[in-house]
Structures are given as C-alpha cells and as structure tokens.
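A short worksheet on the structure shown next.
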Amino acid sequence: MNNYTDIIKACIKGERKAQKQLYDRFASTMYGVCLRYATDADEAKDILQDGFIKVFLNLKQFNYKGSFEGWIRRIMVNTALEKFRDKNYLFAMHMERGYDSDDKEYDHIISDLSANDLLKLIQGLSPQYRMVFNLYAIEGYSHKEICEILNIKEGTSKSNLSRAREILKEKISKHFMVSVNCL
Amino acid sequence: MKEMDKILRNKLGNLDISVPDDVWAGIERSLDSNQRAGKRLMFYRYAAAIAALAIVGSSFLYIFNKKDTTVKLVETTVQNTPAGNTVKENIIIKENKQDIKKENIIAQTQKPQIEAINKENIIVNPIAAIESTELQADEKKQDLLKFEKLNSLIISLHTSKNNLAIVHVVENRVIPDLNYISDESLLLAVNTANKAKQERSKWMIGGEFSPLYSYRHITETQNGKDAAYYNELENPVLTYSGGVHVQYSALKRLTVQTGVYYSSMGQSIDYLGVYANNIYDMIPADYQDRYINSYSIENSAGNIEFNSKHVFIDNKSARVNNLSSNKGYLDINNPVYSDLSATIEQNLKYLEIPLILRYKIIDKIIDVNLIGGLGANFLIENNVYLKYSGVKEDIGHTQGVNKVNYSGNIGFGIDYPLTKQLNFRLEPSFRYYLNPVSSSDVVESHPYTMGLFTGICYSF
C-alpha cells in the first residue's frame, strides 16, 4: 500500500503525471476485467474510461485500509454493472435445467482454450447472464451478494447462472466440435 | 464451485490485456473538462456570493446615507437685555448626525411652562439646523436677525432650571410650534427617548440558541442518479445551534457582528435493515477489536463507513457496497432490527465563525434588522448514529466530508429592550453552504438550515 500512497496523494492534487502513472500501472488488468463484462472491445473501452474517471474523482474516498487494486477493480465492476442495470437487462429467468459436475469433457476443452477465446465466449452471453456469471464464477460473489448488488431475487441469480453455463456449453460444443450428452 | 468456474477464474481473473491508446486521451479530456467545470462553478458561486453581499451592503449604505443627512447644528444664544434690546451673540457651531424631519421641527425645552407674556424678560437660546454644509459669517448674522423676529411672537417660556428655551430652525425658516409645545409630557417623553437613543452604546455582546431544521440541496450528480433519487431515500433532521456573538455599530443603522456558533447538522435514512455480520463471529476473539467493517452505504453526503460489526442495508433501494474481498456473511432473512424500526442519522457538527451585517430597518422601541453575511464552518465532529427504540448508537462516520465549508446567512431579527442595557433578540435565519459538504465530485450536496434564534444581548 505504501507503494501507492505517494502516487495517490499526487493524483488527488490533480497532477496529470501521477494520474498517467496510475493508469499505466492498472489499465491493462482493468481492461481485462472490463472485457469480461462488455459485449465487445468498444464497450469495454467505454467502461474502462468511465471507470478510471470515477477512480480519479473519488480517490479521496480511498481509506488506505484494503487492497488498492481491489478498490479500483470494484469501481470498474460497478461501472460495468451500472451500464446494464439502467437498461433493465437483469430480469428473472426461468430455470430450465442444471449444470452438473459430470461435464469434465467441457472442463477439459475450456482449460485448453486461449484467454481470448474464453473472453469471446463470455462476451457472447446476454447481459443478464454475463453479469451474474462474472460476479459468481470469476469474482467469487455469493448469490445473496449478487441479488443485493443487482437488485434481483436470489432465485433469479441462480437461474441466470445456470442458464449462462448451459449457453457456454452449447457454444463450446458448436464451435469446438464437442458432442454433448444432454442431461 | 464448479470446475468450469475455477478454470475460468484462473484464466480470466487477472488477465492483462494491452489497452488501446485512445482510452487515456479520452480520460485526459474528461478530467480536463471536469477540472475546468469545477473551477468555473466555484468561481461563479463565490462571485455570486460576493456580488450579492456587495449589493446588499451598498443598498444598506445608500439607504442609510440618504436618510442620515449630515447637517450643521448652530447653537446661538440671543439675549435681550432690558436696557436697549441689544443682541449679544454667542455662536457655537458643532456637527451632529441626526435625522431631521419637518415633523420633528419642534421647540424643545427642559420642563417648559408657558406662564405669561413678558417681552422684557425673554431669554431665548435657539438651535438652528440648516441643510448647508458650512455656515459663513453672513449666514450666521442672517440667522440672528431671524431669531430676533422670534421676540415679536410674544412668547414667554419659563424654564425651571436656567430660563433657556431651544428652538429648531430648518431651511432658514423659524417655525415655532406652539401647539406641540403645549403638550409638555409628550415633549419630555420625546426628549428622553431621543437622549436614550443617542447614548446607546456601540458595542454589544450576547448569546443565542435555536432549534434547526437541517437538510441539503443537491445541485449535481455524476453517477446516473438524480436528486429525486436521493430525495426519496433521505430525510431532513431536527438539530440545534447556539453561540455567542459580539457586534459593533459601525454606523447608526449598520452593525457588524461576529462570534462563535456551534451547529449540529445532518440528514437521515429510513427503511434500514440491520443484519448480523457472521464473519465477525468467525474472527478469533483476540482480533475482533481490529475488525474493519467492509460494508458501506452510498449517500448524497458521501459514503457511510461503519465501525459497527453489523451490516446496514438501505432496504428501500438495496444500496450497499461491499468494499472488501470478504464476501457477505449476512443472513438477509434474519435482520437484527427490522427496516421499519431503525434509522441512520448522519450528523456533522461545526464551529462557525460568521461575519454578519445587520441593517436596522425599523428604529423604534422594538428594532427590526435585516441580516446578511458569510460564515466559515469548521468540522469538529463527524458521526453516524443508529437510532432504534429510543436508543442512539454511534456506528461510524461519513467519508470525504470537507474540514472547512463556507456558508451564506440571511434573515431578519427583532431586538426588544428589556432594560437600558439588555435586549431580547428573536431572529429567524436561513443558512446555506456555498460549497459541497463532501469532497466527492460524484454528488454535490449543499446542507442548509432554517432556525429561529432567541437570545439576550448586553450593550456596554
């Protein structure tokens, strides 16, 4: 944390050089986060830009107690969520079928895919599935937290996650020639 | 956790991807325009405040100068001697500032008694007030001639002390008002009141107290939520203010006042759910006192940071931010306090040093003043309280609150004399913070208060 204290203080004063340093340090990592929540690269750029502006405008509120990178990441995630929350994408979905643990075939394929391919798979999900999948599977939030963050019911969060996994399986089987045994 | 999730988290969780160059340029443009807008906005606000103060101040001075004309009072003693009706001249010129109105042109005597007409024993000691800035010797002589004409009015005024009568003359015309003189008691009352007013001290100290209606005005939001969103969730609170002041009468009607005032201000949030945070119970007892609550609530005045182990969720809009990687360990179905029985109150306490101008619009037994000024407010306490079932518990503070804020004050006040040196004061006033209460640029929230100050002032 001490490594960032000086640069944070300089950023709060509005020193452009320090702001650029901060941006250079975290931009590539945060762009990876934004790409997961966005539909495409252009949308990810918008989220990244809006997110960093919020970071610079709200640096005074950082209390130096937790992880600074974690603080920036949460702002990026919140910025992404705001974009979609306003569009009311996060409606409830009916749960059709579950994803069970005997899909090792998919796990094997996923582990062989490149990060770019995986990003494209996730970006191909509808926003309501992409948000829940990112928050639960990648960020590690619980369904209870997700329902608070997205202001949806817990059942909706679970069904959206389940549906997201199914869609990912379908995409993998379609694009990577895997025969799927439906449950 | 599914295997698929683990793989994806490992591959994508901390993925670094090179960023297109134009992103930083966009951020830089936005920051530049934001800084310019911020500076411009602050400049406009301060300029408006200074302009308003200047207009109010200059209006006061203009009105004051118009009414409070400086005139020369000429005190002339004319003595008719029995021997030859010769005039003995004894002219004293002195400056005085006093409102001269035609209806006030009266003969003033100390215990005047009209007893008899006796031309031979008239002793007249007139004070002539004329609207010229300087009196030349010729003018004085002309005045004396006019005073001689008084003798022909066959007025005999007998005074009990020194046989002196005073006549006021304006615009070179001597206007004896015999009817007015006949009302002896009224004359005495007028003379006494005028004397008391003239002798009123210039310095005054006092103390005041007021209940306050405290809320805020949201001027700008940059987080996609408008003022109506916050207005629906937040409520005003009733607080209080009090302090001591000292004032100096710079001019007859204009007073400058400063002092120290303690003010409690804030706002509240209803529909609050309070939940047990199970992660706190999982921490070893030795470390529990070092637990940092990672939940906060975003509010128009800033983020509320909690020092309580509980989790507070605004149930009306489910606003809660989890600021740490410690994920939620709360049971949303089992609140400690229900959302209808608990309230959060954000409370900010300030010491204010104001600079107030008071202009007296009515200068009678009860004085009425117009009040306007600026104040520097120094933050001394920043607390967030949980209120439930009559209990008030300190649970945290609001982040990013400015240490110093500047406010504008307007109002009017009534001063009622209790004794010669003690006044009772009643003063409705409105105070508005000129700059946002928080350093956050996301929401610009300006607190304001309305109060009815009552107090006592002592002149010396």
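Chain letters run A, B, ... following the sequence lines, proteins first and then strands; every chain starts at 1.
You'll find the side chain of Leu31(B) reaches within 4.5 Å of the side chain of Arg16(A), heavy atoms only. Using a 4.5 Å heavy-atom threshold, the side chains of Lys45(A) and Asp22(B) count as touching. At a threshold of 4.5 Å between non-hydrogen side-chain atoms, the residues Pro20(B) and Tyr31(A) count as touching. Residues Asn134(A) and Leu12(B) fail the side-chain proximity criterion, which asks for heavy atoms closer than 4.5 Å. Between Phe133(A) and Leu8(B) the shortest side-chain heavy-atom distance falls below 4.5 Å.
Nearest heavy-atom pair across Asn63(A) and Glu305(B) is ND2-OE2, 2.6 Å.
Leu57(A) CG to Ser30(B) OG: the interatomic distance, rounded to the nearest 0.5 Å, is 7.5 Å. Annotation: the span from Lys6(B) atom NZ to Ile138(A) atom CD1 amounts to 13.5 Å, rounded to 0.5 Å. Considering NZ of Lys20(A) and CD of Glu28(B), their distance stands at 8.5 Å, rounded to 0.5 Å. The structure places CD of Gln61(A) at 5.5 Å from OG of Ser438(B), a figure rounded to the nearest 0.5 Å.
Counting heavy-atom pairs under 4.5 Å between each of Leu48(A), Leu118(A), Asn116(A) and chain B puts Leu118(A) at the top. Between chain A and the options Gly400(B), Gly26(B), Gly302(B), the largest number of non-hydrogen pairs under 4.5 Å is found for Gly26(B).
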*After noting the C-alpha distance and the side-chain angles of Asp24(A) and Trp24(B), does the key distance pass the side-chain contact (heavy atoms from CB on, under 4.5 Å) rule?*
CA-CA 9 Å; Asp24(A) 288 341; Trp24(B) 172 249; over 6 Å; no
*Verify side-chain contact (heavy atoms from CB on, under 4.5 Å) between Arg73(A) and Asn14(B), making sure each step is shown before the conclusion.*
CA-CA 10 Å; Arg73(A) 178 187 285 257; Asn14(B) 291 302; 3.0 Å; yes
*Leu15(B) and Leu119(A): side-chain contact (heavy atoms from CB on, under 4.5 Å), yes or no, with the steps?*
CA-CA 10 Å; Leu15(B) 186 65; Leu119(A) 270 179; 3.7 Å; yes
*What do the steps show when you test Ser28(A) against Ile17(B) for side-chain contact (heavy atoms from CB on, under 4.5 Å), and what is the final call?*
CA-CA 5 Å; Ser28(A) 57; Ile17(B) 296 179; 5.8 Å; no
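Residue Asp32(B) touches chain A through both its backbone and its side chain, counting heavy-atom pairs closer than 4.5 Å. Contact of Leu35(A) with chain B is made through the side chain alone, with heavy-atom distances under 4.5 Å.
When atom types are taken as modelled, the side chain of Arg9(B) and the backbone of Ala137(A) share a donor-acceptor pair closer than 3.5 angstrom.
Dense packing is recorded around OH of Tyr385(B), with more than 12 heavy atoms of other residues, nucleotides or ligands lying under 6.0 Å away.
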